[in-house]
Amino acid sequence: MISLLHKKILLGVTGGIAAYKAAELARLLRKQGAIVKVVMTDSAQTFITPLTFQALTGEQVHTRLLDPDAEAGMGHIELAKWADLVLVAPASANFLARLATGHADDLLTTLCLATEAIIAVAPAMNQAMWRNAATRHNCSVLAARGIRIWGPAVGEQACGDVGAGRMLEPADITQQVADFFEPDVLSGKTVVVTAGPTREPLDPVRYISNHSSGKMGYALAVAARDAGAHVILISGPTSLPDPPGVKTVRVETAQQMLTHSLETARSADIFIAAAAVVDYAPMQVSAQKIKKEDHQELQLSLKKNPDIVAAVAAQTPRPFVVGFAAETENLLLHAKNKLSRKNLDIVIANDVSDTTIGFNSDRNAVWIVDANGETAYPEQDKGQLAKVLVRDIAKRLEQRNSKASRGN
Ligand code: C5P
């Protein structure tokens with residue numbers, strides 16, 4: 001059960017067709033016990049009326065920067081100070097641009113400049129507008145400034161297009177708000193995450209690799225960061241940007257990933273091996289490009305790569321070690337074998353034979369396997385799942401530490 005009892009949420013509504021969903025969001029936040037004050041931009045009011053929000057929140061709705069009545073009561077600075085969280089949903093492309101450049105020419109942008117509360121935005125726009133370089137740039141500026149960007153979701157849009165740009169559903173945003181107010185369960189802890197594939201070179205232009213996108217590992221790194229941890233992400237080659245607030249180390253080969261893992265895991269509390277490490281590397285790497293004219297047949301000799309997670313788990317002292325098992329059959333059996341063979345604390349197991357989840361997908365469903373059995377985590381967005389997994393891992397670390405201190 002999520003609860004937002006007495007949390008003060010300033011809900012900014014900007015102009016977009018998703019503005020009608022903000023009414024349901026206001027209702028859900030209220031239902032969880034939050035106090036919700038709504039600020040609307042001019043264009044938001046062309047989609048939905050202030051009266052709707054007033055009825056749903058039981059609070060006066062604010063629409064103007066220099067409103068004599070409002071300034072006498074709760075002016076923009078007062079509103080900015082009042083909020084525990086400023087949540088803008090939907091956040092239009094125009095609003096994101098104005099926020100990124102620090103505009104202060106209407107009530108909502110001024111509030112955002114004046115507030116010391118965290119600002120979260122739930123973008124909603126056409127998929128091409130979301131993909132546009134200007135919006136991408138604005139979002140990276142906002143993220144670097146610590147502004148939380150929740151969503152957008154992928155799917156069919158009001159204009160008929162399909163792609164990323166839909167506002168997250170009100171229930172998902174409410175869950176994000178609840179997660180935001182959760183205590184920092186990993187405060188003061190160091191978490192190392194490996195992610196993505198590795199690349200094992202054959203010659204200067206060719207390599208052996210796999211289809212890992214790195215999305216699950218990056219989502220875990222971000223979730224650990226949001227839980228208050230100092231996070232080091234050791235990433236093989238991916239197309240994902242470095243997550244803000246996470247120390248990202250880019251590597252290519254399994255050997256490089258091993259070196260950085262052993263070095264950083266020594267002072268880590270948790271090590272999460274989400275990388276899809278290539279199992280075999282060529283025995284020899286040709287210094288020059290291998291020419292097809294020179295070979296009618298080509299035999300490759302491969303050597304086994306080091307097992308990074310097992311090497312970390314073999315160290316003393318060692319962090320809490322989390323391995324992954326991506327399997328196409330006998331999932332739980334393989335996961336249990338991995339747990340004992342590699343001496344891991346838990347294994348997160350997922351079925352990669354289902355192409356709708358896992359590897360390149362934005363969604364995943366997993367099991368957590370430990371020495372006592374297994375727990376199922378149903379299919380959900382990787383970011384949301386990462387949060388749940390991080391909370392579970394934090395709880396297990398605490399149990400292990402308190403057991404150890406009782407034993408001493
Ligand atoms: O042995 P297998 O690849 O199935 O095990 C998967 C788990 O082990 C994952 O957590 C993966 O990150 C880790 N692993 C590793 N080094 C390897 C192979 C796998 O850390 N060489």
Side-chain angles (χ1 to χ4, degrees), residues 191-201 207-221 223-224 231-238 240 249-266 268 270-283 302-315 318-353 357-359 364 366-371 374 377 382 385-386 389-390 392-393 396:
V191 177
V192 177
V193 182
T194 69
T198 62
R199 233 177 231 184
E200 310 300 333
Y207 55 81
I208 299 173
S209 192
N210 58 53
H211 289 301
S212 168
S213 63
K215 283 178 187 165
M216 194 66 227
Y218 277 56
L220 284 161
V231 183
I232 301 161
L233 173 64
I234 305 172
S235 173
T238 69
L240 303 171
V249 182
R250 298 273 177 180
V251 299
E252 292 261 327
T253 65
Q255 195 58 52
Q256 292 165 354
M257 192 174 269
L258 174 73
T259 307
H260 286 282
S261 296
L262 289 177
E263 203 176 287
T264 51
R266 219 172 291 144
I270 298 168
F271 183 85
I272 304 176
V277 183
V278 173
D279 290 326
Y280 292 92
M283 294 277 274
L302 304 173
K303 60 174 188 289
K304 212 169 197 169
N305 262 334
D307 193 309
I308 299 167
V309 73
V312 168
Q315 287 184 308
R318 55 171 253 176
F320 185 89
V321 184
V322 181
F324 270 73
E327 304 290 345
T328 55
E329 56 177 3
N330 299 329
L331 179 62
L332 294 178
L333 185 68
H334 286 306
K336 278 172 197 157
N337 285 342
K338 230 161 266 190
L339 184 78
S340 54
R341 184 161 38 86
K342 301 192 184 204
N343 191 25
L344 308 176
D345 291 292
I346 60 168
V347 168
I348 300 174
N350 69 318
D351 179 355
V352 284
S353 67
I357 55 173
F359 267 171
N364 207 351
V366 301
W367 296 83
I368 286 194
V369 178
D370 67 11
E374 66 267 342
Y377 290 86
K382 278 184 177 169
L385 179 62
L389 293 174
V390 159
D392 184 294
I393 292 166
R396 289 166 188 268

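Computed from a predicted model, the values in this text were never measured in an experiment. Start at 1 and go down the list; that is how both ligands and their atoms are numbered.
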Problem set entry | Atoms of ligand 1 close to Gly323 [distance to a heavy atom under 4.0 angstrom, numbered from 1] | 10 (O)
Seminar exercise, completed: heavy-atom search around atom 4 (O) of ligand 1 in the protein gives Lys338 NZ, 2.5 Å
For this session: Could you tell me whether the side chain of Ile208 reaches within less than 4.5 Å of the side chain of Leu302, counting heavy atoms only?
Result: yes
Seminar exercise, completed: For atom 18 (C) of ligand 1, the closest protein heavy atom turns out to be Val277 CB, 3.8 Å
Seminar exercise, completed: atom 8 (O) of ligand 1 has as its nearest protein heavy atom Lys342 NZ, 3.0 Å
Exercise. Out of Ala310, Ala335, Ala275, who gets a non-hydrogen atom closest to atom 11 (C) of ligand 1?
Worked result: Ala275
Exercise. Can you list the atoms of ligand 1 that are under 4.0 Å from a heavy atom of Val309?
Worked result: 8 (O), 13 (C), 15 (C), 20 (O)
Exercise. Considering only protein heavy atoms, which is closest to atom 3 (O) of ligand 1, and at what distance to one decimal place?
Worked result: Asp279 OD1, 4.1 Å
Problem set entry | Close side-chain approach of Leu262 to Val312, heavy-atom, < 4.5 Å | yes
Problem set entry | Minimum-distance protein heavy atom relative to atom 21 (N) of ligand 1 | Pro306 O, 2.7 Å
Exercise. Considering only the protein, which heavy-atom contact is closest to atom 6 (C) of ligand 1, and what is its distance?
Worked result: Phe324 O, 3.0 Å
For this session: Considering only NZ, NE, NH1 and NH2 on the basic side and carboxylate oxygens on the acidic side, decide whether Lys338 and Asp307 come within less than 4.0 Å.
Result: no
Exercise. Taking C-beta and beyond as the side chain, do Leu385 and Met216 meet within less than 4.5 Å on heavy atoms?
Worked result: yes
Seminar exercise, completed: When distances are taken from atom 16 (N) of ligand 1, the protein heavy atom at minimum range is Ile308 N, 3.0 Å
For this session: Verify the distance criterion only: is there a donor paired with an acceptor across the side chains of Thr253 and Tyr207 at less than 3.5 Å?
Result: no
Problem set entry | Side-chain touch Ile308/Phe271, heavy atoms, less than 4.5 angstrom | yes
For this session: For Glu200 and Pro282, indicate whether the former's side chain and the latter's backbone hold a donor-acceptor pair under 3.5 Å.
Result: no
